[in-house]
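All remarks here apply to the structure that follows.
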Protein chains: 2
Amino acid sequence: MRLTTKGRYAVTAMLDLALSHERGPIRLAAISDRQGISLSYLEQLFAQLRRSELVSSVRGPGGGYRLGREAAAISVAQVIAAVNEDTDATRCGGAGDCQEGETCLTHHLWMDLSDQIHAFLGDISLNDLVARNEIKMISEQQQQRVAARADGDNQIQVTPV
Amino acid sequence: MRLTTKGRYAVTAMLDLALSHERGPIRLAAISDRQGISLSYLEQLFAQLRRSELVSSVRGPGGGYRLGREAAAISVAQVIAAVNEDTDATRCGGAGDCQEGETCLTHHLWMDLSDQIHAFLGDISLNDLVARNEIKMISEQQQQRVAARADGDNQIQVTPV
DNA sequence: GTAATAGTTGACTAAAAAAGTAGGTTATAA
DNA sequence: TTATAACCTACTTTTTTAGTCAACTATTAC
């Protein structure tokens, strides 16, 4: 079982996509700015997300990424699984051959825990997250911060959305 | 968030203690044999478990480890916490300063997940595990295997308990 | 008192994974 | 035809895991 920055980044990036998907394809550079994730790292993650068909891409100028299907049909568990973070808590991957081919003493405990985590993460869709008030507020603050930063850096007036 | 062999070993070893605690202090070497965990590694884990007062030790011949308090009063969550596996799913440890001092987009999601895992693992005591039938059966098989191994290796007749 | 037992401690190591970097290639819209 | 942005591969650094090793101390039994 591991849940690290990688899985968290993937979910955060997907949520960013979900929040702004009506604005057409979203550039990874924009996600990088808003979420503070390195562009190169995002590229790696999105390669995996694409293979799992959770996103689709548009190349060239004006291009970027879209959600592969509606936000209500993408669960947090699917996003985490796509970047190879296994939410399985057992050592044996559920096979029960944890200790020299036999079942280890705590196998059933980890199975139960895995089920819990799966049930929890599998039941939350990106749409559910988009609807949450805390998330809406954080998203707005992030957009303002990015706009302010562009303003200060380049003296370019950014048109508010 | 991480749950690895370390935490699993700790819980397994503590459960082994709980299963045989009426036989007096248990040597780590015996746990090592039954559970297939390296003795040196067990020593490290038990040093941490001792600091958290989850076990007490008896030195010298006939010595070993005992549970620090009754099995019903030790939760799986406490054991895992004792060996430094944090069941916290956030990056910030719950502080909410995940992204350059601000709260990241998915902070609340990971907080909720942490709560779920904590609630689940905190509610299961070693005693609960001891009472489970699958675990009783696995424990018996392990004892038989160890006895058979000693028999074959040394031609020593082991007195059954 | 001496030997055996069993916990106690700390330093060290190999392997794996995570996290991030760097540099180039390809498709496409303007 | 040029700028853009996805795509891809290889590499590096850092952290963590999962151990090993060696020496030390307390206690019991003879």
Side-chain angles (χ1 to χ4, degrees), chain A residues 1-13 17 23-33 35-68 80 82-86 88 91 98-99 104, chain B residues 1-13 17 23-33 35-68 80 83-86 88-89 91 98-99 104:
Chain A
M1 161 98 215
R2 49 177 193 271
L3 178 56
T4 64
T5 311
K6 192 187 206 172
R8 283 193 292 257
Y9 277 175
V11 175
T12 302
L17 261 193
R23 278 183 261 163
I26 306 295
R27 296 176 306 122
L28 289 189
I31 298 179
S32 172
D33 281 348
Q35 307 305 333
I37 308 171
S38 106
L39 179 57
S40 298
Y41 203 43
L42 275 178
E43 284 173 350
Q44 281 180 46
L45 298 181
F46 273 77
Q48 296 184 273
L49 294 170
R50 209 174 86 102
R51 263 172 242 137
S52 301
E53 299 184 331
L54 293 178
V55 297
S56 64
S57 63
V58 181
R59 289 180 139 206
Y65 284 95
R66 289 181 213 273
L67 293 182
I80 292 176
V83 293
N84 296 337
E85 301 246 308
D86 62 341
D88 180 20
R91 178 180 215 182
C98 346
Q99 188 188 346
C104 80
Chain B
M1 159 100 215
R2 47 176 193 273
L3 179 55
T4 64
T5 313
K6 194 186 206 171
R8 284 193 291 258
Y9 278 175
V11 175
T12 302
L17 261 193
R23 279 182 260 164
I26 306 297
R27 296 178 307 123
L28 289 189
I31 299 180
S32 172
D33 281 348
Q35 307 306 333
I37 307 171
S38 107
L39 178 58
S40 298
Y41 202 41
L42 274 177
E43 285 171 352
Q44 277 182 49
L45 298 181
F46 272 77
Q48 296 184 272
L49 293 171
R50 210 173 86 100
R51 262 171 243 135
S52 300
E53 298 184 330
L54 293 178
V55 297
S56 64
S57 64
V58 181
R59 290 177 139 208
Y65 284 95
R66 288 182 214 272
L67 292 183
I80 292 177
V83 294
N84 296 338
E85 301 244 309
D86 63 341
D88 179 20
R91 179 181 214 181
C98 346
Q99 187 188 346
C104 79

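Lettering of chains follows the sequences in order, A, B, ..., and the numbering in each one begins at 1.
- The distance from atom CG of A:Leu28 to atom C1' of D:dC8 is 14 Å, rounded to the nearest whole Å.
- Of all non-hydrogen atoms in A:Ser32 and A:Ile37, the two that sit nearest each other are OG-O, 2.7 Å.
- Taking atom CG on A:Leu42 and atom P on C:dT21, their separation rounds to 12 Å, with Å as the unit.
- The shortest distance between side-chain heavy atoms of A:Tyr41 and A:Lys6 falls below 4.5 Å.
- For the pair B:Thr5/B:Arg8, a side-chain contact is recorded, criterion being any heavy-atom separation below 4.5 Å from C-beta on.
- Contacts between residues 48-60 of chain A and DNA chain C, defined by a heavy-atom separation under 4.0 Å, are made by A:Arg59, A:Gly60.
- A distance of 10.5 Å separates CG of A:Leu17 from CZ of A:Arg66, quoted to the nearest 0.5 Å.
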Under 3.5 Å, N/O pairs linking protein and nucleotides 19-21 of chain D:
{"unit_1": "D:dG19", "atom_1": "OP2", "unit_2": "B:Tyr9", "atom_2": "OH", "d": "3.1"}
{"unit_1": "D:dG19", "atom_1": "N7", "unit_2": "B:Gln44", "atom_2": "NE2", "d": "3.2"}
{"unit_1": "D:dG19", "atom_1": "O6", "unit_2": "B:Gln44", "atom_2": "NE2", "d": "3.4"}
{"unit_1": "D:dT20", "atom_1": "OP2", "unit_2": "B:Ser38", "atom_2": "OG", "d": "3.1"}
{"unit_1": "D:dT20", "atom_1": "O4", "unit_2": "B:Gln44", "atom_2": "NE2", "d": "2.7"}

Which donor-acceptor pairs under 3.5 Å do side chains of residues 57-65 of chain B form with protein atoms, sequence neighbours excluded?
{"unit_1": "B:Ser57", "atom_1": "OG", "unit_2": "B:Arg50", "atom_2": "NH1", "d": "3.3"}

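- Contacts of B:Tyr65 with the nucleic acid, taken as non-hydrogen atoms under 4.0 Å apart, involve only primed sugar atoms and P, OP1 or OP2.
- By the 6.0 Å contact criterion, CD on A:Glu43 is enclosed, its count of non-hydrogen atoms from other residues, nucleotides or ligands being greater than 12.
- The distance between atom CZ of B:Arg27 and atom P of C:dA6, rounded to the nearest whole Å, is 5 Å.
- D:dT17 atom P lies 12 Å from atom CG of B:Leu45, rounded to whole Å.
- The two residues A:Leu39 and A:Ala29 make their nearest non-hydrogen contact at CD1-N, 3.7 Å.
- A heavy-atom distance below 4.5 Å is found between the side chains of B:Phe46 and B:Ile31.
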